[in-house]
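Down below is the structure, laid out as structure tokens.
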Amino acid sequence: MEAVASTVKRKFVLEGLDCANCALKIENGVQKIDGVSACSVNFVNKTLTMEVAMDRSEEILEQAKKKIRTLEPDVKVLEHGAAGLQAASPKGKSAKQHHGHNHSHDHVHAHGAEAADDGHGHSHDHGAQNIKIMVARLIAGLAIGAAAFALSLSQELELILFLAAYLIVGGDIVYKALKNIVRGQVFDENFLMSIATIGAFVIGEYPEGVAVMLFYQVGELFQSIAVNRSRKSISALMDIRPDFANLKAGDETRRVSPEEVRIGDLIVVRPGEKVPLDGKVIEGNSAMDTSALTGESVPREVAAGDEVLSGFINKNGVLTIEVTKVFGESTVAKILDLVENASSKKAPTENFITKFARYYTPFVVIVAALLAVLPPLLFSGATFSEWVYRALVFLVISCPCALVVSIPLGFFGGIGASSKNGVLVKGSNYLEALNDVKYVVFDKTGTLTKGAFKVNGIYPQNGWTEQELLRQAAFAEMHSTHPIAQSIREAYGQELNEELIAGYNEISGHGIQVEFEGREVLAGNAKLMKRENIEFAAPTELGTIVHIAVDKQYAGYLVIADEVKEDSARAIRSLKNLGVKKIVMLTGDIKAVGEAIGKKLGVDEVRTELLPQHKVEELEKIDRQKASKEKIVFVGDGINDTPVLARADVGVAMGGLGSDAAIEAADIVIMTDEPSKLSSAIYIAKNTRRIVWQNIIFALLVKAVFLLLGAFGIATMWEAVFSDVGVTLLAVLNAMRVLKIKPNLT
């Protein structure tokens, strides 16, 4: 999106932002401020990007900071460094500026990516630190509580010790509940836990108050471990960011930052270097590795007059390129921008426990309030003190310990079962989201196909045999470094004797001319045949065609193509069986190849010749068609898939062959490179949800029985507590069954 001249783009880091829900609240709150034309909060890398009216920018920023302080007092707003803060010119240059040279520094500085050796950045360390502190608090609280319970102490001392234990274990929960009440958000799990435990203290059941809070925090701990795993860093993507451009000035070239290059400047790209900016080749020809952008493993031949995109890697020739787009507008900058902003457009997948508390808490609190107020008003002889006490007992019994511990545990088990099956799920919310998957979008190369070349067909003509034709081709391609040449040599599979060939000549953009066993052999594309005036019939097979001619006589052709993975068709069948409505395949490959593979595998729709930004557009089209509850999964493997992985409701990366950037940006990683593992993960997710619901229903039934007994004064608090502990243990054992799930898919 280009910034308008009268607006300025500002970027901040929100330190301490640790829930997707909070991110959404901040985004909605800041969006409403007068003068803010656009605002997006990216939960993954904790950044807030906003466009504000230039003339009032300082005043609006103060309002925004104030708003964030009101909504989330724990979140600190830090400047993102100067790079993104200049006034945007009408071309929107500085809005993109933060992709520049400064950006890599600021990005690292702001997100603290240098803080951890493993590249997972600051948030990872921060999370691990929090978990250590939480464990220490739980142990300390448990020790103090146990001492107060076991020792015979005076009432005052006992109360002091239990209070200390309670505050160590759950002080933050009470604080959050109070904060939320002030902000008008009453009914959440913090409020439920606080009211139940404070109720226990009011009626003198101190150990119960501490025990309930302890259970709750253990459940939360499991949750935060899962979230901590799922925090993603996109630093690996910075690999495709070019570090320099060789600017040509007269006869000499000098290294400059890509931002300094203007449209119309000439740059030189040497073998092995990345193309830093989009442009047009003026002189030279070469093979380009385009896999970072298109995912296609066939190098693309370019010559004078051809367009090249930033992110391509130059394989062999030296190219002089006339720049057609400034860095901020070039393909790489757009992809980096897409990835940074894609995850903020993604619908936050809520944790199951939060959804549950939203309905359960108000119900329990309203019933308790009615229990305290109605009987004394309706029945003579009923005293307020007695019924308030019973209402508090009701609240304490209704506190969902069993649920709070067993729900995260159930999902934890689901994550464990998935990893046993070769699928790494980076958070319980993603496992839960798999239940609602109705659209699955696959990348082609490396995901449904192997992403490697193989000779798929040998078609000899004019009296040649298959073996003889392959032998001629293998010797002709003996010295070529091209992946296609390599696949021909592999197919031949025999020792190649160098002494048998002479006069090796590589004709750039056409093929190879060589003398083999005294005869002239030509191996290359159709252009080579036409250039040498050799007659041939155009093949109908799909793939890369290598034509062979011996002594100017056509000998036949080889078809080299990417192979479909053995279990791709099964993957698509089993997804259909699991209730997926539509399966789409996206590819950077040409239409004919894409459609042939799509037909073979039975996918519903194929969209071809796409660059990364087009893949995001296609995904957003599907997003607009689906119902709000339905989820889209995208499965991919390359750097080119990273923006789509970050944008999809659930991004799934191929872990064995996939690029680091794709694995980082994904929510789920398939470790074995078999697409059918996605069906296994969905199967496990459905079973996990079933077991979690069994736990919820079982716990609520036991609760209901004890609540009735409690309301009639039959059950005391401790019976209720032990029933709750018993239910918790049974629920935990049931949750452990999740680990045993074995997907049996056809």
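Side-chain atoms are counted along with the backbone in the values below, which use heavy atoms only and exclude waters and symmetry mates.
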Check: Would you call Leu528 and Ile507 a side-chain contact if the rule is heavy atoms closer than 4.5 Å?
Finding: yes
Note to self: Any heavy-atom pair between the side chains of Ile668 and Val423 that's under 4.5 Å?
What the structure shows: yes
Margin query: How about NZ on Lys576, more than 12 heavy atoms from neighbouring residues, nucleotides or ligands closer than 6.0 Å, or not?
Written below: yes
Notebook entry, point to check: Ser286 and Asn314: side-chain donor and acceptor closer than 3.5 Å?
Noted result: yes
Check: Of all residues at least two apart in sequence or in a different chain, which pass the ring-ring contact (aromatic ring centres under 6.0 Å, His included) check with Tyr492?
Finding: none
Next item on the list: Could you check Val440 against Val584 for side-chain contact (heavy atoms from CB on, under 4.5 Å), going step by step and ending with a plain yes or no?
Entry: CA-CA 6 Å; Val440 176; Val584 182; over 6 Å; no
Margin query: For the backbone of Gly279 and the side chain of Lys325, can you confirm whether one donor and one acceptor N or O come within less than 3.5 Å of each other?
Written below: no
Notebook entry, point to check: Would a distance-only check, ignoring hydrogens and angles, find a side-chain to backbone donor-acceptor pair under 3.5 Å from Glu609 to Lys591?
Noted result: yes
Note to self: Taking the basic N atoms (NZ, or NE/NH1/NH2) and the acidic carboxylate oxygens, is any pair closer than 4.0 Å for Arg647 and Asp623?
What the structure shows: yes
Check: What are the two closest heavy atoms between Val514 and Ala502, and how far apart are they?
Finding: CG2-O, 3.5 Å
Check: Where the side chain of Ser568 meets the backbone of Val564, is there a donor-acceptor pair that is under 3.5 Å apart?
Finding: no
Note to self: Could you check whether Glu307 pairs with Lys280 (Lys NZ or Arg NE/NH1/NH2 to Asp/Glu carboxylate O, under 4.0 Å)?
What the structure shows: no
Note to self: Closer than 3.5 angstrom, by distance alone: can the side chain of Asn687 be matched with the main-chain N or O of Ile684 as a donor-acceptor pair?
What the structure shows: no
Check: Going by heavy atoms in the side chains, are Asp278 and Thr324 under 4.5 Å from each other?
Finding: yes
Next item on the list: Under the ring-ring contact (aromatic ring centres under 6.0 Å, His included) rule, collect the residues that match up with Phe516, sequence neighbours excluded.
Entry: Phe475
Checklist line | Closest contact, heavy atoms only, Ile545 versus Pro539 | finding: CG2-CG, 3.8 Å
Checklist line | Side-chain donor/acceptor of Asp641 to backbone N/O of Asp637, under 3.5 Å | finding: yes
Item checked: Side chain Thr449, main chain Lys444, donor-acceptor under 3.5 Å -> yes
Note to self: Please give me the minimum heavy-atom distance between Ala571 and Ser679, naming the atom from each residue.
What the structure shows: O-OG, 3.7 Å
Notebook entry, point to check: Any side-chain heavy-atom pair from Val281 and Thr320 closer than 4.5 angstrom?
Noted result: no
Notebook entry, point to check: Between Lys552 and Glu520, is a side-chain contact (heavy atoms from CB on, under 4.5 Å) present by the stated rule, with each step listed?
Noted result: CA-CA 8 Å; Lys552 299 278 190 280; Glu520 184 204 43; 3.0 Å; yes
Checklist line | Sequence neighbours excluded - salt bridge (charged side-chain N to carboxylate O under 4.0 Å, His left out) pairs with any residue from residues 489-512 | finding: none
Next item on the list: Return yes if a side-chain donor-acceptor contact under 3.5 Å exists between Ser676 and Glu674, otherwise no.
Entry: no
Margin query: A side-chain contact here means heavy atoms from C-beta on lying under 4.5 Å apart; do Asp567 and Lys677 qualify?
Written below: no
Item checked: Pairs involving residues 592-601, ordered by first then second residue, that meet side chain to side chain donor-acceptor pair (under 3.5 Å) (sequence neighbours left out) -> none
Notebook entry, point to check: With Glu630, which of Lys582, Lys581, Lys438, Arg624 fulfils salt bridge (charged side-chain N to carboxylate O under 4.0 Å, His left out)?
Noted result: Lys581
Next item on the list: Quick one: which residue pairs count as a salt bridge (charged side-chain N to carboxylate O under 4.0 Å, His left out) with a foot in residues 467-480, not counting sequence neighbours?
Entry: Glu468-Arg471, Arg471-Glu517
Checklist line | Side-chain touch Met288/Val275, heavy atoms, less than 4.5 angstrom | finding: yes
Item checked: From Leu266 atom CG to Ile321 atom CD1, the distance as rounded to the nearest 0.5 Å -> 10.0 Å
Notebook entry, point to check: Got a sec, which pairs hit side chain to side chain donor-acceptor pair (under 3.5 Å) with one end in residues 453-466, sequence neighbours left out?
Noted result: none
Next item on the list: Kindly indicate whether the side chain of Ile583, heavy atoms from C-beta on, has any atom under 4.5 Å from the side chain of Leu575.
Entry: yes
Item checked: Flag for Asn246-Thr253: side-chain donor and acceptor within less than 3.5 Å -> no
Notebook entry, point to check: Can you check whether Lys626 reaches Asp649 side chain to side chain, under 4.5 Å on heavy atoms?
Noted result: yes
Item checked: Closest non-hydrogen atom pair, Pro258 against Leu277 -> O-CD2, 3.7 Å
